[in-house]
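Whatever order the structure lists ligands and atoms in, that order sets their numbers, starting from 1. If you read the sequence from its start, that first residue is 1, and numbering goes on from there. Every heavy atom of this structure was used, including side-chain atoms; hydrogens, water molecules and symmetry mates were not. Everything quoted here is computed from the prediction, not taken from an experiment.
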Amino acid sequence: MKFFIRTFGCQMNLNESEIMAGLLINDGFEWTENPDEADIIIINSCSVREKAENKMYGAIGGYGKLKEKNKNLIIGIGGCSAEKERDALLDRFKKIDFVFGTRNVIDISNLVKRAMKGERFADFSDKLNEVNYSIPKRPFSKHHAWITIIYGCNKYCTYCIVPYTRGFEKSRPIDDIINEVEEYNKNGFKEITFLGQNVDSYGKDFGDKKPKLDLLIQKSAQFDSIKRIWFMTSYPSDITDSLIDTIAKEKKAAKYIHLPVQSGSNRILKSMNRRYTKEQFIDLVYKIQKEIPEVTISSDIITGFPSETEKDFEETVDLIKKCRFERINIAEYSPREGTVAHKYFEDNVPKHIKNKRLQYIMNLQKKINLEENEKYLGKTLSIIQEGKAGKNNTYMGRTINNKLIIFQSQEKLNGSFLKVKVNKVSPGPLYGEIIEIINNI
Ligand code: SAH
Ligand code: F3S
């Protein structure tokens, strides 16, 4: 029996798809990249914005058609949209066999077997207590592993559906995570990324209520094979001095922080229920840049949040100019049913204004990126090769501060440390050539 998994959304979904794939393979199912030859199709959905959700509905329609050829095909939907829509998905899409939640991913084999017996059902049980390091996974990379360290989010930003679809924060026990890092170390993995909606909260739900991401980084750095430790996403006002210090001092800690700001207007930040001001955010960025000189910082911004004026938007532009992010994920505000903003704030910024502001930020960011990237021209960077970047033997790799570089190389060097000289830059990646292959540093 062959299964196919389609993943939408964030890295947590990707990680959960790796876990589902591992569990199904362990139970004798066979993985396929081709939905046409699958007996089981699982859609891991995202509900963060309407666009993502619509893409997913399109996919359900497409895969549903495959049932005309293969009557025994089983279709299951998990992830955040499933959590949000629950039984309604079964009512709306007759071709779906089962829906499941964000907290019972590790039950996937049982869910599939129930569907194979002819049951049509929704199951949203909470199995997070049963998650542990020994659960099989099928990592999509052979040298870089995702490790979810904290589930859920307690922040309740007024626009965001995630606290409703992923529930309250729950940290995995530190020993369990370290056991998982040890397994990856044994298997020769070089990079790990700790994942969570808010990784800075990791450990706050334990007895002493202290955040422990710093400790986790320090403990993971002891493993020989593990050379780089990444983490995301950070919540600005939760970043501790001790974490900044750990990133600065620990050689293996990636010098990169994803720090979503959302807006530069204090009025909008308040209305979003973000717990910092523009000034506090900029001070934090300056502090991080001072303590970790080679750091790069990326961010998320929403344009056209309810009641956002031109003046509010100018505050955001001013913040971007001051922070000079490495990258920005920009999205137009998308009202999500069930959130405070959807219920109480009118979606009153016209679509064309949302889009105009988004384009403005994209162009500004491009200019900043090009200026920053030009500083790298002629420099030699230490990178780990990640994989193919396109056709004609072009490969990509990353520095420890997340600069992406493209160069000519070979498959066998995936996962290797290389020295690459930058000979061309763009607002996106850097381009270069390999100067030296160093496997051990
Ligand atoms: N803690 C996670 C948040 C997940 S949502 C993180 O910071 O990555 C990821 C991003 O999607 C948010 O930072 C926000 O910029 C964007 N987003 C969330 N809800 C949105 C909405 N209703 N409309 C537009 N963008 C949204
Ligand atoms: Fe969403 Fe805010 Fe949490 S953006 S995931 S509620 S930090």
Looking at Gln197, which atoms of ligand 1 are within less than 4.0 Å of one of its heavy atoms?
1 (N), 2 (C), 3 (C), 4 (C)
Under 4.0 Å, heavy atoms only, figure out whether ligand 1 is touched by the backbone of Arg49, its side chain, both or neither.
side chain
May I ask you to check if any N/O/S atom from Cys160 comes under 2.8 Å of atom 1 (Fe) of ligand 2?
yes
Is ligand 1 under 4.0 Å from a heavy atom in the side chain of Ile302, in the backbone, in both, or in neither?
side chain
Does ligand 1 have a heavy atom under 4.0 Å from the side chain of Pro260, from its backbone, from both, or from neither?
side chain
Which of the atoms of ligand 1 are close to Thr233, meaning less than 4.0 Å from one of its heavy atoms?
6 (C), 7 (O), 8 (O)
Tell me whether Glu371 at atom CD has more than 12 heavy atoms from other residues, nucleotides or ligands lying less than 6.0 Å away.
yes
Hey, do the aromatic rings of Tyr202 and Phe231 have their centres closer than 6.0 Å?
no
Give the contacting part of Arg336 toward ligand 1: side chain, backbone, both or neither, where contact means a heavy-atom distance below 4.0 Å.
side chain
Assess Arg274 for proximity to ligand 2: is some non-hydrogen atom of it under 4.0 Å away?
yes
Pairwise side-chain contact, Tyr431 with Ser426, heavy-atom cut-off 4.5 Å (strictly under):
yes
Proximity of Pro163 to ligand 2 by residue part, where a heavy atom lies under 4.0 Å:
side chain
For atom 6 (S) of ligand 2, the protein heavy atom that lies nearest, with its residue and separation
Cys157 N, 3.4 Å
Does His258 reach ligand 1, in the sense of a heavy atom lying below 4.0 Å from it?
no
Which atoms of ligand 2 sit under 4.0 Å from any heavy atom of Tyr156?
6 (S)
Report yes if Asn198 has an N/O atom closer than 3.5 Å to an N/O atom of ligand 1; otherwise report no.
no
Test of proximity, Tyr159 against ligand 1: N or O pairs below 3.5 Å
yes
